[in-house]
Amino acid sequence: MNTQQYITSWCVLKDNTININDRLISNETSEQPADLVKQLYRAHNMSYPKFFKMDALSRLAFVCSELLLNKRKLTDTYKAEDIAVILSNRSASLHTDYAYNESIIDRANYFPNPSLFVYTLPNIMIGEICIRNGITGENTFFVSSEPNFDFLTEQVNFLMNTGVIQCCLTGWVEVSAENHYEATLFLVEKNKMIEDTANFYTFAPYNVSKIHTIL
Amino acid sequence: MEDLIKELKQEIIDEFNFEDMTAEDIDTEAPLFGEGLGLDSIDALSLMVILEKKYGIKIEDPKDGKKIFSTVRTLAEYIAANRKQ
Amino acid sequence: MSGKVYVTGIGIISSIGNKVTENLESLLNQKPGISRIQHIDSIYSEHISAGEVGMNNEELCSHLGIKASLGYTRSTLLALVAAKEACDDALYTADENIRTGLISATTVGGMDKSELHYREFHEINTHHCYIATHDCADHTEKLAEELHITDFITTISTACSSSANAILLGSRLIRNGLLDRVLVGGSECLSKFHINGFNSMQILDPNPCKPFDENRKGINLGEAAAYLMLESEDLVKKNNKKYHCVVSGWGNACEAFHQTASSPEGTGAVLAMNKALKTANLLPSEISYINAHGTGTQNNDSSEGKAIETVFQGIPPPISSTKPFTGHTTSAAGAVEAIFSILALQHQILLPNLNFSQQMSELSFSPVTSLQPHTPIRHVLSNSFGFGGNNTSLIFSAE
């Protein structure tokens, strides 16, 4: 029995600009994307000191997930194990791979850094979101050269149609070697959980791509 | 000792990117792990790297780390007694 | 659409053999593949034990009939060897009327080459062909090209549960009729990058690892590639195909506890095992053997052990970790151990947990310590847990 899935909240960040649910909330082009992420963390009182220990990719994913959830506690609506986080990107953890590699490359100044090594795994950002929100459902991280929203929507809709999960945080979160930031995150829920579905886009490739390219 | 304590607080701020903090914000006597600064097991390993890199001290048994890293003061006292550089 | 998921082909290259039969022979002879590092120029060569594949890159190239150094990283070469064996075993031929997929897993990716050429790349932009191979998805593209798979291709990177998740996703796609057949697995070569990383976390045992032992000291890393061909019930019936077993259960859960550490009670592992049992529609008492994640770290074995006690209500079936044979092959481990689980099932043998001497004080069970032939085995549970709290359990069944 198929249900219909809707995008109940979304967040798009591209370098210096961010758009949440069709609302442009910052456009200070002079800033570095890393500074914008920090500024958003502070402006929205996310008060989570562990944020500062995270690498660039996890910080980006964390801030976007916080903005998209807007203080909502998903576990009030769903069982922790019914919520999934499924993300993808192009460069995996390349940005931090470089930083960590710097700590082992020079034999004269050789101090492998365990805190950096931990973040040389792209799925750690999913772990961070799950820890913050107490989510224990399915986790997957896909690597692809371009965002593949046909694939992602098929996967997520399928998991929700078959009842494996009830709710999903999904999208694309990328920090490139050249320091470009790009995140598109969606909160996907079933129609039966939504009062008026007319207010939301369906979770279909067409809508997902439209939102992804809004900036 | 007071200089070393201040220096260590700055090291900790730099290592863990606690950008919203200054050395004054860290309580010399407060626990570094769990409560307090909220450091964890991986951070303990990073502190060991700092000890080796900056002060030439190698902690062989990670279990010793627990006592040494309990507060900024215990850490400073250990470094003062064992530093090679 | 809820047909069975058949395993029609398997292929593996690891430190205990370059193909399935060689791996089986080493398992039967209880011959581990752990030694000092030889192929990597590391300052740890003298101090670290690891499971290295016997062939160097040139030998792998000539084994595959590839002209050397054309942008093939070691992970890709290993992947090609194992994937081709799995395809041959499944009598695979490209066929545009059969919806065919490829799901491959890696984390290290092309790190072995990137770290060699990293400096030069930053300075003078040379070695383009290897730097372009750094991305995790690169080895999947090469495999797809070589095997002419075009319908569905993706790469998974979830640390040490990566290839278990490739099997999970592939099984689900077959079970629900989205694909007819899919090659799933993973590949990981040793790199200075992750040897140093695990070493900096102080979880490498310089000597052969001792999973589930009271005096365990940590991991031996290893390199390997392993692939399974999964096919739909329709396809198997239609072609009257031979098969090894079925994938009957799968489950993935996030522990949401810590970036790298597992919770003392193993809550994520409990969730994953219970989900797998539910998918397979099996009771815990129906599991004949558990191929544990069993890395040999203090944290994993204690957490996984507790989780097993919880799921199996204190009376677990025979358990072993086969990591003392191969080392912890990180992203490839899930597929490597899937194949070992399948071999256990096919040959009705319990595989030994080598190097074990003393039961852990906090656990009520000890692992199997010697090869047990002629053991009735119907359902095998295989665990794979990764950093990020990513826990996956798979169940392989005779039918």
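Quick note on labels: first sequence line is chain A, next is B, and so on, each numbered from 1.
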Proximal component of [X], with respect to chain C [non-hydrogen, under 4.5 Å]:
{"X": "Phe111(A)", "value": "neither"}
{"X": "Asn113(A)", "value": "backbone"}
{"X": "Glu128(A)", "value": "side chain"}
{"X": "Arg107(A)", "value": "side chain"}
{"X": "Leu159(A)", "value": "side chain"}
{"X": "Ile135(A)", "value": "backbone"}
{"X": "Val85(A)", "value": "neither"}

>> If the condition is ring pair (Phe, Tyr, Trp, His ring centres under 6.0 Å), which residues does His328(C) pass it with, not counting sequence neighbours?
In response: His293(C)
Please classify the contact between [X] and chain A as side chain, backbone, both or neither, with a heavy-atom cut-off of under 4.5 Å.
{"X": "Phe152(C)", "value": "side chain"}
{"X": "Phe257(C)", "value": "backbone"}
{"X": "Leu271(C)", "value": "side chain"}
{"X": "Thr158(C)", "value": "both"}
{"X": "Glu255(C)", "value": "backbone"}
{"X": "Ile153(C)", "value": "neither"}

> Going by the angle between their ring planes, with limits at 30° and 60°, are Tyr41(A) and Phe51(A) parallel, tilted or perpendicular?
Replying inline: parallel
> Is Thr155(C) reaching over with its side chain to a backbone N or O of Ile103(C), donor-acceptor style, under 3.5 angstrom?
Replying inline: no
>> Could you check whether any side-chain N or O of Thr136(A) sits under 3.5 Å from a backbone N or O of Glu81(A), counting only pairs where one atom can act as donor and the other as acceptor?
In response: yes
Distance (rounded to the nearest 0.5 Å) between [X] [atom1] and [Y] [atom2]:
{"X": "His47(C)", "Y": "Ile37(C)", "atom1": "NE2", "atom2": "CD1", "result": "10.5 Å"}
{"X": "Ile194(A)", "Y": "Gln4(A)", "atom1": "CD1", "atom2": "CD", "result": "9.5 Å"}
{"X": "Gln259(C)", "Y": "Asn123(A)", "atom1": "CD", "atom2": "CG", "result": "11.5 Å"}

> What's the verdict on side-chain contact (heavy atoms from CB on, under 4.5 Å) for Tyr48(A) and Ile131(A), showing C-alpha distance, side-chain angles and the deciding distance?
Replying inline: CA-CA 11 Å; Tyr48(A) 192 65; Ile131(A) 291 170; 3.7 Å; yes
>> Using salt bridge (charged side-chain N to carboxylate O under 4.0 Å, His left out), reason through Glu189(A) and Arg72(A) one step at a time and then give a plain yes or no.
In response: CA-CA 14 Å; Glu189(A) 295 176 87; Arg72(A) 179 177 164 198; 2.9 Å; yes
